[in-house]
Amino acid sequence: ICYTDGQVLEIDCPLGKQTYTCDSSLGGVDGTYFLDFTCPGVVPTCMWWSEDEGEWANEGCSVVNYTSTNVTCGCTHLTDFVLGKNVSTASFDVTFTSAPTSLPTPVPTSLPSPVPTSPPTPVPTELPIPAPTPAPTGAPYPMPTVKAGLPTKTPVAAPTKVPYPAPSASPTSIPSKVPIPVPTPVPTIAPTASDTVAVAATVTMDGLDASAIT
């Protein structure tokens, strides 16, 4: 961590100690900042013998991958190859905590806002809504309700107990539109004399003694 301008830091690296001089202009408001230092390291190189130049060259060859024990090279031609080495330069990254700003953050905060973000809902209307109420009301509606049959001109409190129209006291000559509640208790009247017919007939019986008939 760099605290003051000109402060010298010593870093122990595998290839020897490295020094870094702090610069407060790279830090925050108070000049303090964190230093992420990368030490120099040995990097392998892929090389080939150039007959034209009489020396080792690396054009056309690159390191594909390497570990502590193996190196993989990729080249565009075939010839004699060797491995060389280079030492990378040290590098560093600087980070620090910024001072709070007066402007809001670009992302929303987890706390609720002090004022509502949307206007309130409108006040309820004085007139009833057109949709039906969820439960029946005790008083009749001002308009007739739709039920079986024709609606009445004025609302009724309850259905009538007696059917309408009422059944007649005596049977009608034609069948009524509404069935009578019970059959008639008295059967129809007996046939009259005018409904009977006199029949005259003569019977002849062969082999029968007429004196035996009284």
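Along the sequence shown, residues carry numbers from 1.
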* Quick one: are Ser62 and Cys46 in side-chain contact, heavy atoms under 4.5 Å? -> no
* Asked: Under the disulfide bond (SG atoms under 2.5 Å apart) criterion, do Cys2 and Cys22 qualify, and how do the steps go?
  -> CA-CA 6 Å; Cys2 286; Cys22 297; 2.1 Å; yes
* Asked: Which heavy-atom pair separates Gly74 from Val64 by the least distance, and what is that distance?
  -> N-CG2, 3.7 Å
* Report the distance from atom CH2 of Trp48 to atom CG of Asp80, rounding to the nearest 0.5 Å. => 11.0 Å
* Tyr3, Tyr33: one ILVMFWY side-chain cluster at the under-4.5 Å cut-off? -> no
* Test item: side-chain donor near acceptor, Asp23 and Ser25, under 3.5 Å -> yes
* Asked: How many angstroms lie between SG in Cys75 and CZ in Phe81, if you round to the nearest 0.5 Å?
  -> 4.0 Å
* Asked: Do the non-hydrogen side-chain atoms of Thr19 and Leu9 ever get within less than 4.5 Å of each other?
  -> no
* Asked: To the nearest 0.5 Å, how far apart are CG in Asp93 and OG1 in Thr38?
  -> 6.5 Å
* May I ask you to test the Gln18-Tyr20 pair for a side-chain heavy-atom distance under 4.5 Å? => no
* To do: Test Phe34 against Phe96 for ring-ring contact (aromatic ring centres under 6.0 Å, His included), laying out the working first.
  => CA-CA 6 Å; Phe34 297 94; Phe96 58 87; 9.4 Å; no
* To do: Go through the steps for Cys73 and Cys61 under the test disulfide bond (SG atoms under 2.5 Å apart), then give the verdict.
  => CA-CA 7 Å; Cys73 296; Cys61 287; over 6 Å; no
* Asked: Heavy-atom distance under 4.5 Å between the side chains of Phe37 and Cys13, does that happen here?
  -> yes
* To do: Report yes if the side chains of Tyr66 and Thr72 come closer than 4.5 Å at any heavy-atom pair, otherwise no.
  => no
* Rounded distance (nearest 0.5 Å) linking atom OG1 of Thr95 with atom CG of Leu26 -> 11.5 Å
* **Within-4.5 Å side-chain heavy-atom neighbours: Val87 and Leu15** => yes
* Asked: Going only through I, L, V, M, F, W and Y residues with side-chain contacts under 4.5 Å, is there a path from Val71 to Val43?
  -> yes
* **Distance, nearest 0.5 Å, that separates CD of Glu59 from CE of Met47** => 8.5 Å
